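As the structure is a computational prediction, the values presented were derived from the model and not from experiment. Keep in mind that the numbers below use all heavy atoms, side chains included, and drop hydrogens, waters and symmetry copies.
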Amino acid sequence: MNKVQPIPIASFQSCRHVIACCVISTLVLIGVGCSLLKRGTEPVDTQPIPLTPVIWFSPSVTTADVPYHDGCGEMKSLVLGDALVSSVPKKLTGVFTGVEAQSQADEPIASDGVVEVGVGVRRIELAVQKQTPGTYPAAATVGMEMVFLARDGTLLFSKKLEGTGRGTVTVGEQSCQVEGLEAIVHGAIDSVTSGLAQQITQSVPIREYAARRETWVPLASRPRPSVEPSTAGGVTSPPTAVEAEKKPTQVPLSPTGEPAQLSFRAIIRDENRDQFLQPDESLTVEIEVKNEGRGEAKDVTVKAEGKAELAALVPSEVHLGMLQPGEIKRTSITQRVTASQEALHGELTLSLRTASPVTSVTPPKVFYFGIKPRGMDPALVQDVDNLPKALTAFHQPKAVIISIGIGTFREEQVPVVKYARHDAEVMAEYLRIIGGIPGERIRILLDRQALARDLEDTFEQWLRKRADRETVVYVFFSGRALVDGGTGAISLVPYDGALSEAKQLYPLTRLQEALYRLPIKRAILMFDVSMDPSPDTGLAGIPSPAWESPVSDARKDVEMWMVGNRSLQEALAYDEGKHGLFTYHLLRGLQGLADVDRDGTVIAGELCTYARGQAALVAREQFRNKQEALCLPATGRGGMVRIHPVARGHNPKPVSVQKPLPLPADSSVAAPNPMQIGP
């Protein structure tokens, strides 16, 4: 029998010692590993950046507010300007060794750079039952952008963020006032400013720029540029030219007699960015001039020319003084439109002048805009949002509706299209009710839902699966389009599109080709679009927008195109009707007013002719402007699609009265002929 040998105590203690050492070593290694992992997520440097930049707030910050509905359902607004202006310096104080707040109207001061601040998205999510006291959840979103510019104008940092604040608000029994909303909005402001401050703290280009601080050349004294006072009242901030200091390594000494080479860019923005000025709306002109030549430019001046009233919106001359080789100067002018300027319209030209020899003449910049007059009483304008009644005699179960409205864009530099989203929503509902079209055959794309891939999928996949020889396709598009400077080709701008990136746009030819491949009965297409030229294209030489395709004549019996704006200009927004001008009159026409011959049916040719004429009339009489629509196929080209019925039963014939028709006073003016509406 084997006997169990006793384990020596010394040996057991030794093993226990080894195990303990292994455990301790493992814990140490785990701790070191965690420390290393944690260290990898820390910012590159948490020390304040040794710079003292100037903070400039754009007018979008100082005039910012956010709308919401109070407990009685009335629209209110909460002012954000003061909170934004106070929050940004507090957050940046810990980022830099010092900051200076400065208005663009102030005298330029020596600084280590500029932090430009703008505000974008402002939104309150609050659903309060009307006249029902209680506590309700609420959320606020504020979007901001910060840009850091070095002393020579070099862009070192640019970031856009959104911050959100959440909480609850209270509506009292005796008041419609919403209590507690300010704290939620301030929470959103604090969130976005903290996020941007952290992003700047971690910016490697800014820290590298600060490390080169000792190599900078001291700033010379900066004389304030002289600007002739404007003859129009209401200037909110006089212009200031900001000289960007040049780096010694980048700017060669100017040989005697070498010419200068000047380039400049200019941007004119109205407050709501619809390119129409309204009384009491602010207008901002931003100008940047650069000397890219080897010689200095003396007495550099930007001259403004136009109609007397239009030229009065900005100073007739803005003096920038001398520009050394490689130097940049900027100026910003903000002015408020007065009520006495309601009838203005036309163009404004900005041209560059200098007393020094130049290698080439810089072409002038031409801006087209108008000033909306005070509109007629909205109570006198028919509300087209009152939807028509369903018509049992006009069901189109095989029809398809595609309605797209893109009024805002991911790229904030793309101008807003007012009422585009609302236009698409209401038009889709009109067509659905009038035609009795099933919901599964309707696709509506609004703003963020209308990405480039969404347009591609809708026209090239979704539509193809629902089309046959009995299908009638209704397409409505309200938004923005780009016109190629060489060919006139048109591209629709999706939500994620940019005017400078052709690859992010949706060419109209792709839509035309997709329709051409479908075995459909009819296609009725309605476009209420603002037309932009491709970047760096002169307006003088750009061809007309190419709405007609090479197969347009062959498709004249199938496709009807109703284009509200055939030219390079902004499509007018009709504030009194709460729609785009052309869309408003399309909806009025569908209500029955387009039924010229009073046979109880609105046909495609009648609808386009009515909307085209009414839009042109209102543009001329109320906007002192011109908007010319396009109907394809045109009258007289034999297009059978022009007599396709699109609505019925809204404008019956009046009771006939046996009465001789009076002759027109002017026999040279022909009476309306309903036969001109058809093919």
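- A salt bridge is defined here as a Lys NZ or Arg NE, NH1 or NH2 lying under 4.0 Å from an Asp or Glu carboxylate O, and E460 with R510 meets this definition.
- A distance-only check finds no donor-acceptor pair linking the side chain of R441 to the backbone of I437 [under 3.5 Å].
- Considering H644, M562, H585 in turn, M562 is the only one that fulfils the side chain to side chain contact (heavy atoms under 4.5 Å, CB included) rule with L607.
- Test D484, L630, V483, L482 against P545 for side chain to side chain contact (heavy atoms under 4.5 Å, CB included) and you get one pass: V483.
- Side-chain atoms of D65 do not come within 3.5 Å of backbone N or O of S77 as any donor-acceptor pair.
- Note that CD of Q461 and CD of E456 are 7.5 Å apart. Values are rounded to the nearest 0.5 Å.
- Looking at Q199, its side chain never comes within 3.5 Å of a backbone N or O of L161 through a donor-acceptor pair.
- Within the model, atoms OG of S478 and NZ of K418 stand 13.0 Å from one another, a figure rounded to the nearest 0.5 Å.
- With no hydrogens or angles considered, no side-chain donor-acceptor pair links Y495 and E411 at under 3.5 Å.
- Under the 3.5 Å distance criterion, the side-chain polar atoms of T601 are left unmatched by any main-chain donor or acceptor of P645.
- Of the inter-residue distances, the one linking L632 atom CG with R555 atom CZ reads 13.5 Å to the nearest 0.5 angstrom.
- From Q627, atom CD reaches atom OH of Y574 across 12.5 Å, with rounding to the nearest 0.5 Å.
- Remark: side-chain polar atoms of S530 are paired, donor with acceptor, to backbone N or O of A571 under 3.5 angstrom.
- No donor-acceptor contact under 3.5 angstrom links the side chains of Y610 and D595, judged on distance only.
- Ion pairing of D385 with K578 is absent here, as no side-chain N (NZ or NE/NH1/NH2) approaches a carboxylate O to less than 4.0 Å.
- For K290, the NZ atom counts as loosely surrounded, since its 6.0 Å shell holds 12 or fewer non-hydrogen atoms of other residues, nucleotides or ligands.
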Going through the checks in order, is the side-chain contact (heavy atoms from CB on, under 4.5 Å) test met by V414 and R480?
CA-CA 9 Å; V414 181; R480 190 166 291 279; 3.8 Å; yes
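- Using a 4.0 Å cut-off between charged side-chain N and carboxylate O, K398 and E470 make no salt bridge.
- Here the CZ-CD1 distance, from R448 to I406, works out to 13.0 Å after rounding to the nearest 0.5 Å.
- Using a 4.5 Å cut-off on side-chain heavy atoms (C-beta onward), M526 and V475 make no contact.
- We find that R588 and D383 are not joined by a salt bridge, their nearest charged nitrogen and carboxylate oxygen being 4.0 Å or further apart.
- In the displayed structure, K521 atom NZ is contacted under 6.0 Å by at most 12 heavy atoms of other residues, nucleotides or ligands.
- For Y584, the side-chain hydrogen bond (donor to acceptor under 3.5 Å, both in side chains) test picks out no residue, with sequence neighbours left out.
- For the pair D423/F476, a side-chain contact is recorded, criterion being any heavy-atom separation below 4.5 Å from C-beta on.
- Classification of the H579-H422 ring pair by plane angle, with boundaries at 30° and 60°, yields parallel.
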Test log, rule side-chain contact (heavy atoms from CB on, under 4.5 Å), inputs V66 and I124:
CA-CA 7 Å; V66 57; I124 291 178; 3.6 Å; yes
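- Within the 4.5 Å cutoff, no side-chain heavy atoms of R642 are placed close to those of I603.
- Under the 3.5 Å distance criterion, the side-chain polar atoms of Q569 are matched with a main-chain donor or acceptor of K626.
- The CD1 atom of I444 sits 9.0 Å away from atom CD of Q449, with the distance rounded to the nearest 0.5 Å.
- Between the R432 side chain and the I401 main chain, no donor and acceptor come within less than 3.5 Å of each other.
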Would you please test E162 and R122 for salt bridge (Lys or Arg N to Asp or Glu O under 4.0 Å) and show each step?
CA-CA 9 Å; E162 293 183 4; R122 303 180 298 280; over 6 Å; no
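- A donor-acceptor contact under 3.5 angstrom links the side chains of D528 and T583, judged on distance only.
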